[in-house]
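Worksheet for the structure shown next.
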Amino acid sequence: MTATPVPITPELHTYLLAHTSPRDEVQNWLIERTAELGGVARMQIAPEQGVLLTILARLTRAEVAVEVGTFTGYSSICIARGLAEGGRLICCDISEQWTAIAREAWSRAGVAERIDLRIAPALETLEALPAGEHIDFAFVDADKEPYWEYYSALITRLRPGGILAFDNTFRNGDVVDSRRAGAGRGGDPDPGALHVFNERLVADERVEVVMLPIADGLTVAQKR
Ligand SMILES: C[S@@+](CC[C@H](N)C(=O)[O-])C[C@H]1O[C@@H](n2cnc3c(N)ncnc32)[C@H](O)[C@@H]1O
């Protein structure tokens, strides 16, 4: 056992990707199609995160999954592929433009019929979901300031044993320096918001929490 994390050098990251299940043709197409959008393409999750999402959705035997922040569809394809037979993924986004690309990607990937896209502020969509504990898996990757509100709306609807995953919980590393005034390294006007979220989540006794050093930090919380 080692208590000291191994820094992820570019060489080690290349090695990590070479030893993670590879992307398929649709995922490669979607990465290229999204790159045509310019700088916003960096919002797309990393491929290794996508594999983890498929595994988590499959582990929870997800019949009802939710995604907050769909963009051009990479993470939703990965979640949809891990759904149980007959499972559904509710996707929340506010952009018709970006999710039009997602719709094409879902069609190419053969998962379109498993996905229910809802164009509206995500909190409205989440709060309109049935109140019972019916969600098996959710992935949150939208605007960062309301992460606690998204969590609050999801946790009461998550079944015991269900899993929530939150992206960007390192916030470009700014979470360790959240008292610094002004914008964070990633241009975030409020780098402290994610730090506050991380603190509240780990103190919440309803869940068991692990923060994974994958891409910009991915926190996984399982409901007890
Ligand atoms: C980081 S991107 C998501 C990336 C996506 N998970 C992927 O794998 O490509 C964030 C998305 O959240 C959406 N978004 C931002 N604020 C939102 C809100 N209040 N409600 C719903 N979606 C929102 C944006 O339109 C954008 O598509």
Side-chain angles (χ1 to χ4, degrees), residues 1-5 45 48-70 75-76 78-79 82-84 87-92 118 121-180 184 188 190-224:
M1 194 190 97
T2 175
T4 309
I45 61 160
E48 61 270 33
Q49 291 181 291
V51 179
L52 179 61
L53 292 177
T54 303
I55 292 172
L56 291 175
R58 196 176 290 134
L59 271 176
T60 56
R61 297 184 167 82
E63 293 179 3
V64 179
V66 176
E67 175 175 84
V68 179
T70 294
S75 49
S76 53
C78 299
I79 297 166
L83 292 174
R88 302 276 294 167
L89 171 62
I90 297 166
C91 282
C92 308
R118 307 204 182 165
L123 201 53
E124 286 178 19
T125 300
L126 296 181
E127 288 178 343
L129 294 175
E133 294 179 319
H134 67 291
I135 296 173
D136 302 296
F137 176 70
F139 175 54
V140 178
D141 184 23
D143 46 340
K144 308 306 166 191
E145 291 73 18
Y147 262 32
W148 187 257
E149 283 68 36
Y150 296 148
Y151 172 73
S152 300
L154 287 164
I155 191 65
T156 57
R157 294 169 171 87
L158 191 71
R159 66 154 168 90
I163 286 179
L164 303 177
F166 296 87
D167 198 17
N168 305 109
T169 50
F170 285 173
R171 214 53 183 138
N172 303 298
D174 287 336
V175 286
V176 294
D177 195 13
S178 59
R179 288 163 298 179
R180 183 156 36 91
D188 188 341
D190 184 10
L194 248 296
H195 169 64
V196 172
F197 169 76
N198 291 336
E199 292 270 303
R200 293 181 78 177
L201 186 65
V202 77
D204 190 329
E205 299 205 336
R206 291 173 292 181
V207 284
E208 186 134 37
V209 178
V210 62
M211 183 177 255
L212 302 175
I214 179 171
D216 186 26
L218 186 105
T219 295
V220 176
Q222 184 172 38
K223 190 167 180 177
R224 294 183 202 275

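Sequential numbering from 1 along the given sequence is applied to the chain's residues.
- With Gln222 contributing its side chain and Gly161 its backbone, the two residues share a donor-acceptor pair below 3.5 Å.
- Heavy atoms only, all atoms of each residue included: Ser75 and Ile45 are closest at CB-CD1, 3.6 Å.
- The distance from atom CG of Leu89 to atom OG of Ser76, rounded to the nearest 0.5 Å, is 6.5 Å.
- Rounded to the nearest 0.5 Å, atoms CZ (Phe139) and CD1 (Ile163) are 13.5 Å apart.
- You'll find the side chain of Trp148 reaches within 4.5 Å of the side chain of Asp204, heavy atoms only.
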Exercise. Can you list the steps and then say if Leu126 with Leu154 is a side-chain contact (heavy atoms from CB on, under 4.5 Å)?
Worked result: CA-CA 7 Å; Leu126 296 181; Leu154 287 164; 3.9 Å; yes
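- Considering SG of Cys78 and CD1 of Ile55, their distance stands at 10.5 Å, rounded to 0.5 Å.
- How far CG of Asp143 is from CG of Asn168: 11.5 Å, rounded to the nearest 0.5 Å.
- Using a 4.5 Å cut-off on side-chain heavy atoms (C-beta onward), Tyr147 and Leu201 make no contact.
- Remark: side-chain polar atoms of Arg157 are paired, donor with acceptor, to backbone N or O of Pro130 under 3.5 angstrom.
- In this structure, Tyr151 and Phe197 have perpendicular ring planes: the angle between them is above 60°, well past the 30° mark.
- Contact detail for Asp216 and Asn172: the closest heavy-atom pair is OD1-N, 2.8 Å.
- In this structure, Ile155 and Leu164 have side chains that are in contact, with non-hydrogen atoms separated by less than 4.5 Å.
- Distance alone, capped at 3.5 Å, places no donor-acceptor pair between the Lys223 side chain and the Ala221 backbone.
- Crowding of Glu208 atom CD: a count of heavy atoms from other residues, nucleotides or ligands under 6.0 Å not exceeding 12.
- Taking the salt bridge (charged side-chain N to carboxylate O under 4.0 Å, His left out) definition, one finds that Asp136 meets it with Arg159, sequence neighbours left out.
- Val220 places a side-chain heavy atom less than 4.5 Å from the side chain of Leu56.
- The shortest side-chain heavy-atom distance between Val207 and Leu158 does not fall under the 4.5 Å cut-off.
- Screening residues 51-66 for side chain to side chain donor-acceptor pair (under 3.5 Å), with sequence neighbours left out, gives no hits.
- Rounded to the nearest 0.5 angstrom, Asp177 CG and Arg171 CZ are separated by 14.5 Å.
- No side-chain donor from either of Asp141 and Tyr150 sits under 3.5 Å from a side-chain acceptor of the other.
- Nearest heavy-atom pair, Lys144 versus Asp167, reported as atom, atom and distance to 0.1 Å: NZ-O, 4.2 Å.
- A distance of 11.5 Å separates CD in Glu48 from CG in Leu212, rounded to the nearest 0.5 Å.
- Annotation: side chain of Leu53 is in contact with side chain of Phe137 (closest heavy-atom distance under 4.5 Å).
- Here the closest non-hydrogen pair linking Val202 and Val209 is CA-CG2, 4.3 Å.
- Between Val66 and Cys92, the closest heavy-atom pair is CG1-SG, 4.4 Å.
- Residues Ala65 and Ile79 approach most closely at CB-CG2, 4.0 Å, considering heavy atoms.
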